[in-house]
Amino acid sequence: MLPLLLLLLPAAHGIAQLKYRPALTTEPLLEGVTTTSTFVVDQPRCIFKDYDNAVIWLVVALDQATSSFNNTARPETSETAFQGFPDPVRAYMTLNATLGSYPCPKPEGDITVLRVGSETSCTHDVTRPTCNGPLPGPGPYRVKFLALEGSVPVAETGWSMPITLIKAKPLSSISTAGSGHSADMIAITTILSILFAILLAGLVAMLFFWGSDSCGSSSTFSKPESVTVRRYNTHHVYDQPAARL
Ligand SMILES: *[C@@H]1O[C@H](CO)[C@@H](O)[C@H](O)[C@H]1NC(C)=O
Ligand SMILES: *[C@@H]1O[C@H](CO)[C@@H](O)[C@H](O)[C@H]1NC(C)=O
């Protein structure tokens with residue numbers, strides 16, 4: 001009887017607290033699980049299966065603003081608009097999906113993730129308050145899923161652990177940064193060696209043609225000479241035996 005009462009208690013408050021907490025995915029991804037402006041969480045599969053008519057929203061909040069987020073907040077208003085985040089809006093709502101988008105059980109082998117911050121087209125478009133726009137800084141952020149039936153919140157997950165993004169490197173530090181530096185150096189060295197090889201090949205080719213050209217010109221100059229000399233010689237050679245015969 002007591003467990004049953006405890007189960008009913010949250011329902012009496014109007015919103016069910018689900019045990020699940022969203023988390024960064026462990027799926028292997030080509031792009032990083034976190035970048036400078038995005039992060040990837042697992043889809044809430046088999047979490048909201050009792051809420052067929054609900055729309056599942058993702059709430060993205062500044063780490064320190066989770067306690068002040070009010071579940072009665074409406075998604076499509078300026079109070080929860082991505083364009084106002086992180087100031088004055090401390091938490092925005094995005095990635096709304098019906099339960100049909102999160103089939104349960106998840107098909108074997110499917111990568112079922114959500115990339116938060118992947119939509120750049122609506123970053124500054126105030127007519128799209130639920131934009132899944134790029135995150136404005138390294139955070140940390142926390143996220144939770146919230147199920148709304150109409151405008152009524154019916155169920156929510158717990159908040160995720162704080163999620164910190166990769167810090168964008170200031171331009172001045174990139175030239176001295178370890179891996180970036182060596183990668184740049186390799187690229188520059190490769191390009192320089194290729195250019196040098198081309199230059200060298202060109203030089204060799206030029207020398208070759210120059211050489212054969214001067215040979216040719218000298219031969220055209222020397223040919224009549226040698227011919228005359230040869231003719232002279234042959235005359236001489238022919239004359240002599242002729243004279244002797
Ligand atoms: C949430 O907002 C509603 C009105 O929009 C208000 O009645 C309620 O007290 C608020 N809850 C909290 C915890 O601030
Ligand atoms: C998500 O919200 C947008 C704007 O509020 C709406 O146009 C769209 O139909 C919603 N999508 C789903 C799957 O609920």
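Whatever order the structure lists ligands and atoms in, that order sets their numbers, starting from 1.
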Check your understanding: So Thr38 and Thr35, side chain to side chain donor-acceptor pair (under 3.5 Å) or not? Walk me through it.
Key -> CA-CA 5 Å; Thr38 69; Thr35 68; 2.6 Å; yes

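Under the 4.0 Å criterion applied to side-chain N and carboxylate O atoms, Lys106 and Glu27 are assigned as salt-bridge partners. Using a 4.0 Å cut-off between a side-chain N of Lys or Arg and a carboxylate O of Asp or Glu, Glu79 and Arg74 do not qualify as a salt bridge.
Gln83 and Asp125 share no donor-acceptor pair across their side chains, judged by distance under 3.5 Å alone.
Where the criterion is an N or O separation shorter than 3.5 Å, residue side chain and backbone included, Glu76 meets it with respect to ligand 2.
Note that atom 14 (O) of ligand 2 has protein non-hydrogen atoms nearby, at separations under 4.0 angstrom. Closer than 4.0 Å to atom 2 (O) of ligand 2 lies at least one heavy atom of the protein.
Scanning Asn96, Val55, Leu99 for the heavy atom closest to atom 10 (C) of ligand 2 points to Asn96.
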